[in-house]
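Every number for a ligand or one of its atoms is a count from 1 in the order of the listing. Since the model is a prediction, treat every value here as computed from it, not as a measurement.
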Amino acid sequence: MMKDYKKFSYIEYLECYDCRKKFSPDEINTFCPDCQSPLLSRYDLEAVKQDLDRELAASRRRGMWRWHEVLPVKDPANCVTLGEGDTAMLRLFRLEEKLGLTDLYVKDESTNPTGSFKARGLSAAVSKAKELGIEKVIIPTAGNAGGAMAAYAARSGLKAHIFMPKDTPVANIEESRIVGAGVSLVDGLISEAAGMAGEKARDEGWFDVSTFKEPYRVEGKKIMGYELAQAFSWELPDVVIYPTGGGTGLVGMWKAFQELRQLGWLESENMPRLVVVQADGCAPVVKAFEEGAPFCDFWLGAQTIASGLRVPKSFADALMLDNLRESHGTAVAVSDKDILDAQIEFGYMEGIFPAPEGAATLAALHKLIETEWVQPDERIILFNTGSGLKYLKHLIERNQEK
Ligand SMILES: *Cc1c(COP(=O)(O)O)cnc(C)c1O
Ligand SMILES: [Zn+2]
């Protein structure tokens with residue numbers, strides 16, 4: 001293909017979210033050792049603005065990597081892709097009519113490789129790991145991140161090891177094994193899995209790609225924000241409703257919106273209000289938001305069918321809460337029963353079989369309409385972050401109960 005860029009990536013440095021100390025993107029970095037805070041990638045956006053026309057980027061071959069100037073990989077030969085990104089933005093006409101809304105959409109991330117939007121983050125992280133000469137990657141996961149990491153690792157010839165709770169959906173376990181990853185099933189939650197993965201990483205020199213303990217997964221997920229802007233002719237929607245676990249999608253999109261503004265690519269200064277959706281069996285962000293707290297307390301006894309939301313405390317809790325408040329957003333908890341009902345409603349109203357996490361956004365929307373936090377004429381985006389096909393167990397059980 002003809003080269004249509006001046007420089008592949010405009011990444012300049014990594015910055016600690018807390019103390020703003022700078023780190024090099026050409027060396028292996030994890031998080032800030034002084035503050036235990038995430039590192040965020042900073043780009044020379046002035047140069048991007050000069051060198052790249054938004055319409056050019058939008059006209060490139062489909063996929064996440066069309067936005068490579070604002071992604072961290074410097075040499076295109078290191079990009080590991082399975083076709084992630086550029087998922088459908090679907091107008092929900094029948095739900096609009098039922099709910100009394102006029103401008104409702106779903107961003108359907110279920111068509112990503114490995115059936116969830118985790119593909120975006122792991123494509124970015126594994127590519128950068130390859131660029132930095134890393135050979136072995138390890139991850140603790142509530143489910144989909146493991147499958148995605150395993151797939152991208154296989155694709156690039158890296159070794160992969162995954163720690164997941166033993167009651168993780170069986171699809172996540174088998175999709176990891178089939179692409180050759182080592183899988184350790186843990187008697188506990190993602191927090192226990194994280195402890196064990198961290199230990200193995202230290203003892204045996206594996207690189208840990210846990211949420212926000214490496215800088216680049218959030219960069220892949222950020223591209224959802226670029227796609228949102230492009231889908232609506234560079235005007236951002238009013239409300240984005242997002243099922244939140246570790247918070248990479250939320251933080252990534254908010255970062256994208258700020259970058260888009262600095263690039264001068266937006267038609268208006270209006271920023272979306274973000275909505276964090278969690279399950280009421282594990283809602284640390286909702287609790288902290290309601291209490292006005294700057295951090296989350298560790299959520300004890302976390303339990304929900306939406307396994308991607310079963311994260312008792314995120315490493316980026318402060319960052320997430322800051323972004324949520326900056327956006328004038330809110331946080332909503334929904335029950336597993338609401339999630340199941342919403343899964344069925346998504347199905348029969350729109351022909352979409354969402355992951356429980358994706359269904360949770362529709363359950364939350366019902367609540368936000370009831371409290372009039374959203375207005376009927378607002379442009380509202382739900383995020384279906386994964387495919388319902390990966391979570392059949394609770395549906396089978398539900399049918400057996402009948
Ligand atoms: C991981 C996951 C989430 C939560 O994503 P974060 O961006 O880490 O908050 C939501 N839905 C699904 C399907 C997931 O796999
Ligand atoms: Zn720091």
Side-chain angles (χ1 to χ4, degrees), residues 14-23 29-40 87 107-112 114-122 125 139-149 164 168-169 171-172 175 190 209-213 215 217-225 240-255 274-279 282-285 296 304-311 313-320 323-324 331 339 343 353-361 364 382-391:
L14 302 168
E15 183 184 56
C16 169
Y17 176 65
D18 211 346
C19 71
R20 310 280 157 187
K21 190 170 156 193
K22 293 181 182 179
F23 298 82
N29 278 295
T30 53
F31 48 86
C32 178
D34 299 332
C35 324
Q36 307 280 305
S37 274
L39 303 181
L40 297 174
T87 53
K107 176 82 168 153
D108 190 4
E109 291 289 308
S110 68
T111 55
N112 274 303
T114 70
S116 92
F117 75 145
K118 289 291 193 299
R120 295 175 180 269
L122 273 309
I139 199 168
T141 173
N144 287 320
M149 189 196 78
M164 50 176 112
T168 298
N172 295 132
E175 71 176 342
I190 185 172
V209 292
S210 297
T211 307
F212 283 112
K213 289 187 183 169
R217 281 172 61 187
V218 66
E219 293 302 297
K221 285 209 181 161
K222 165 183 93 175
I223 299 304
M224 295 190 295
V240 173
I241 307 184
Y242 184 81
T244 305
T248 39
L250 191 92
V251 169
M253 278 193 277
W254 190 246
K255 185 172 188 281
L274 302 177
V275 179
V276 159
V277 183
Q278 299 198 300
C282 182
V285 180
C296 297
T304 169
I305 55 171
S307 49
L309 307 185
R310 209 165 52 148
V311 180
K313 180 173 166 76
S314 166
F315 191 69
D317 53 350
L319 172 53
M320 213 189 321
N323 288 176
L324 181 60
I339 289 176
Q343 221 179 2
F353 181 15
E357 296 87 342
T361 64
L382 306 178
F383 263 85
N384 176 32
T385 44
S387 166
L389 289 171
K390 294 182 93 172
Y391 308 69

Taking [X] for the side chain and [Y] for the main chain, is one N or O donor matched with an acceptor at less than 3.5 Å?
{"X": "Glu357", "Y": "Pro243", "answer": "no"}
{"X": "Asp317", "Y": "Cys296", "answer": "yes"}
{"X": "Gln343", "Y": "Pro354", "answer": "yes"}

Handout entry: Non-hydrogen atom of Gly143 closer than 4.0 Å to ligand 1
Key =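 No.
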Handout entry: Thr244 near ligand 1 by a heavy-atom separation under 4.0 Å
Key = yes
For [atom], what is the nearest protein heavy atom, given as residue, atom name and distance?
{"atom": "atom 13 (C) of ligand 1", "answer": "Thr385 OG1, 3.3 Å"}
{"atom": "atom 5 (O) of ligand 1", "answer": "Phe117 CZ, 3.2 Å"}
{"atom": "atom 6 (P) of ligand 1", "answer": "Gly247 N, 3.4 Å"}
{"atom": "atom 7 (O) of ligand 1", "answer": "Tyr242 OH, 2.7 Å"}
{"atom": "atom 4 (C) of ligand 1", "answer": "Gly245 N, 3.5 Å"}
{"atom": "atom 2 (C) of ligand 1", "answer": "Lys118 NZ, 2.3 Å"}

Handout entry: the Zn ion (ligand 2): angle it makes with SG (Cys32) and SG (Cys16), nearest 10 degrees
Key =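 The two atoms form an angle at the metal of about 110°.
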Problem - side-chain hydrogen bond (donor to acceptor under 3.5 Å, both in side chains) partner of Asn144, chosen from Thr168, Thr385, Asn172, Thr114 - result: Asn172
Practice task
Report the part of Thr248 in contact with ligand 1, treating N, CA, C, O as backbone and CB onward as side chain, heavy atoms under 4.0 Å; options are side chain, backbone, both, neither.
Solution key: both
Exercise for the section: Report the part of Tyr391 (side chain from C-beta onward, or backbone N, CA, C, O) that has a heavy atom under 4.0 Å from ligand 1; answer both or neither where that applies. Expected result: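 It is the side chain that touches ligand 1; the backbone stays farther off.
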Distance-minimising heavy-atom pair for [X] and [Y]:
{"X": "Gly246", "Y": "Val311", "answer": "N-CG2, 4.0 Å"}
{"X": "Phe117", "Y": "Asn112", "answer": "CA-ND2, 3.6 Å"}
{"X": "Ser37", "Y": "Phe31", "answer": "O-CB, 3.3 Å"}
{"X": "Ala125", "Y": "Arg217", "answer": "CB-CG, 3.6 Å"}

